[in-house]
Amino acid sequence: MNNHKKITLFLATVALAATSAFASNDETMSDIFITPQNNEAISTQVATNRYGLDFTKAAESTINSVVSIKSFATRKQQQYFGNDFIDPFDFFFGPGFGGQQRKQQQQQQQQQQKSEPQPIGSGSGVIISEDGYIVTNNHVIDGAEKLEVTLNDNRKFNARVIGTDPNSDIALLKISATKLTPIAFGNSDNVKVGEWVLAVGNPFGLNSTVTAGIVSAKARGVSKGNNVGIESFIQHDAAVNPGNSGGALVNVDGELIGINTMIYSNTGNYAGHSFAIPSTVVNKIVTDIKQYGSVQRAVLGIQFAELDADKAKEENITATTEGIYVNKVNDRSSAKEAGLKEGDVIVGLNGVTIKNGAQMLEEMSKLRPGDKATIKYIRDNKTKTTTVTFKNDQGTTNITKSSDFTSLGCAFLPLTADEKEELGISNGVKVTGLKDGKFKAAGITNGFVVTDINNMRVNNQDEVEDIYNAIMRDKESDKVMFITGIKTNGKKTYIAVDLADPEE
């Protein structure tokens, strides 16, 4: 790829300062952006007369289902000067002239900013249920300590994270609201290249923005990085920009067919090519998160390359020049048990034609461990079929459930000032209401005081839960809480709490 061309994530972490700058210059913005309220008749006339289509129905049925999401996090205090810094006022006019007072005020302001979450970015989300479930991109909410959701009617809610899947860049949120307007799910498998689509989102903080385009490709393989497992996207040319991340891609009937995730750009802004995660994949991931707490992925157990004319000629394959060429079949894998061998070419999965790796990954992403599927393949230039039972990445057909915070089996109370003074500590929480769970299994009792978890201080239950969720979301680290605490007899101790499920 040319060095000056790049794939740019929307990073719906649009700088809010920039958003505010746009919003503050209303006269300039009105010259650049067309508002639906003032130009509804014109835009409808253009859509109907020029293209023979009316997009107003699809737009009206979806804008109330798309929300704005703002993320907040505590910024680290910046140290501009070392301990030996001499205030210039004190240097020239003597100590106490006012420099020390000003310095103390600056430190107090910095400390206040450090303790309060600050806005760090914005993006979009899509309401999928009347009771407040919202789907968005993982990169929209990644690293946030607080999430604020604004509906199209300007109501604001704090959102909590139900679950995330960084591999597919999908996150599921929940707000405490009822009688919302959920979007209707469409079947992205039925989307055709060339059909009209609308992108609905909040680019640059401009709420309820709708743009139109066509689907320019399906099953487009675009790598977003080493940690991304879904590489099969709907490519379209509806204009999207930073802030559209997590927003809706809908068909002319207003049905959700994708979640906008990436753009192909030289500048970081829209340049004609956008990419959305197919709705069938989104629906499966969200269902897994709600039902099991984590995404269930089917593993075939092969190493492969995409077949092309050169590879087919090299391997003396005359029956096809498209498909998945099997380079290796892993031991004890689903593929080996199904009879697949090195040199086979997979050309179909569950009745869907497989021409490239992106199509294979998309179809695989719809399956769970234990599911059965029919694989069509070519061996010795003859077409064959086999039935495969998929396993998980641990080599079993089990569904793996992710425990939630309640699995700890207790609650946490903040310490009073007197309790902190008595114990000689500045922070901590007290374990209470202990029942069967992971804390009790680790030997922790009621009244035990937790001061640190994984070298992070805790002062309330929310902080404990945030650390727990971070541990469970991290695919690389062990599922363990290393706790520093004080027993009821006043003795300081260290305890490791295993968070992994027994079957893992």
Side-chain angles (χ1 to χ4, degrees), residues 1-14 32-34 47 50-51 53 55 58-59 62 66 122-124 126 136-140 167-170 186 188-204 206 209-252 255-282 306 355-362 365:
M1 182 181 295
N2 196 316
N3 289 333
H4 67 273
K5 293 183 178 180
K6 59 184 178 181
I7 295 295
T8 303
L9 277 175
F10 283 152
L11 292 184
T13 54
V14 178
I32 300 174
F33 292 90
I34 298 175
R50 183 176 178 184
Y51 303 116
L53 291 170
F55 300 115
T62 55
V66 177
S122 65
S124 304
V126 181
T136 185
N137 284 144
N138 179 67
H139 74 259
V140 170
N167 285 338
S168 61
D169 201 15
I170 289 294
S188 56
D189 292 344
N190 296 333
V191 171
K192 295 181 179 179
V193 174
E195 76 170 82
W196 283 101
V197 291
L198 302 180
V200 188
N202 306 284
F204 303 117
L206 300 168
T209 297
V210 181
T211 55
I214 64 167
V215 174
S216 49
K218 289 186 63 179
R220 178 68 77 194
V222 181
S223 177
K224 294 191 295 181
N226 295 331
N227 295 324
V228 177
I230 302 300
E231 296 182 0
S232 179
F233 299 93
I234 297 173
Q235 180 182 322
H236 63 92
D237 64 0
V240 289
N241 278 292
N244 273 106
S245 279
L249 182 70
V250 302
N251 58 23
V252 292
E255 298 173 330
L256 183 73
I257 59 171
I259 295 294
N260 288 313
T261 300
M262 285 196 309
I263 58 176
Y264 185 77
S265 173
N266 299 328
T267 64
N269 294 331
Y270 176 69
H273 301 289
S274 309
F275 302 91
I277 303 170
S279 61
T280 52
V281 175
V282 174
E306 293 185 356
K355 296 182 178 181
N356 53 50
Q359 289 178 320
M360 185 72 177
L361 290 171
E362 180 175 348
S365 67

**Prompt:** Quick check: does any side chain N or O of Lys218 sit under 3.5 Å from a backbone N or O of Phe233, one acting as donor and the other as acceptor?
**Reply:** no

**side-chain hydrogen bond (donor to acceptor under 3.5 Å, both in side chains) partners of Asn138, counting only residues at least two apart** = none

**Asn356 to Ala219 - nearest heavy-atom pair and separation** = OD1-O, 4.2 Å

**Item:** Nearest atoms (heavy-atom pairs only) where Ala276 meets Leu249
**Value:** CB-CD2, 3.8 Å

**Message:** Keeping Ser188 on the side-chain end and Thr280 on the backbone end, is there a donor-acceptor pair under 3.5 Å?
**Reply:** yes

**Prompt:** Can you check whether Ile214's main-chain N or O pairs, donor with acceptor, with Ser216's side chain at less than 3.5 Å?
**Reply:** no

**side-chain hydrogen bond (donor to acceptor under 3.5 Å, both in side chains) partners for Glu306, two or more places apart** = none

**Side chain Asn137, main chain Asp169, donor-acceptor under 3.5 Å** = yes

**Request:** Could you list the residues that satisfy side-chain hydrogen bond (donor to acceptor under 3.5 Å, both in side chains) with Gln359, not counting sequence neighbours?
**Result:** none

**Fill in**
For Asp189, the side-chain hydrogen bond (donor to acceptor under 3.5 Å, both in side chains) test, sequence neighbours excluded, returns Lys366

**Asked** Can any side-chain N or O of Asn251 pair as donor or acceptor with the backbone N or O of Val197 at less than 3.5 Å?
**Response** no

**Request:** Only counting residues at least two apart or in another chain, list the ones meeting side chain to side chain contact (heavy atoms under 4.5 Å, CB included) with Ala239.
**Result:** Thr211, Tyr270

**Distance-only side-chain donor-acceptor flag, Asn244 / Ser124, under 3.5 Å** = no

**Fill in**
Thr62 meets the side chain to side chain contact (heavy atoms under 4.5 Å, CB included) criterion, sequence neighbours left out, with Ile183, Val200, Val250

**Asked** What's the shortest heavy-atom distance between Leu198 and Ala212, and which atoms?
**Response** CD2-CB, 3.5 Å

**Request:** For Ala199 and Val240, work out which heavy atoms get closest and say how close.
**Result:** CB-CG1, 3.5 Å

**Prompt:** Do side-chain atoms of Asn202 reach the backbone of Gly243 as a donor and acceptor pair under 3.5 angstrom?
**Reply:** no

**Asked** Any side-chain donor-acceptor pair under 3.5 Å between His139 and Ser245?
**Response** yes

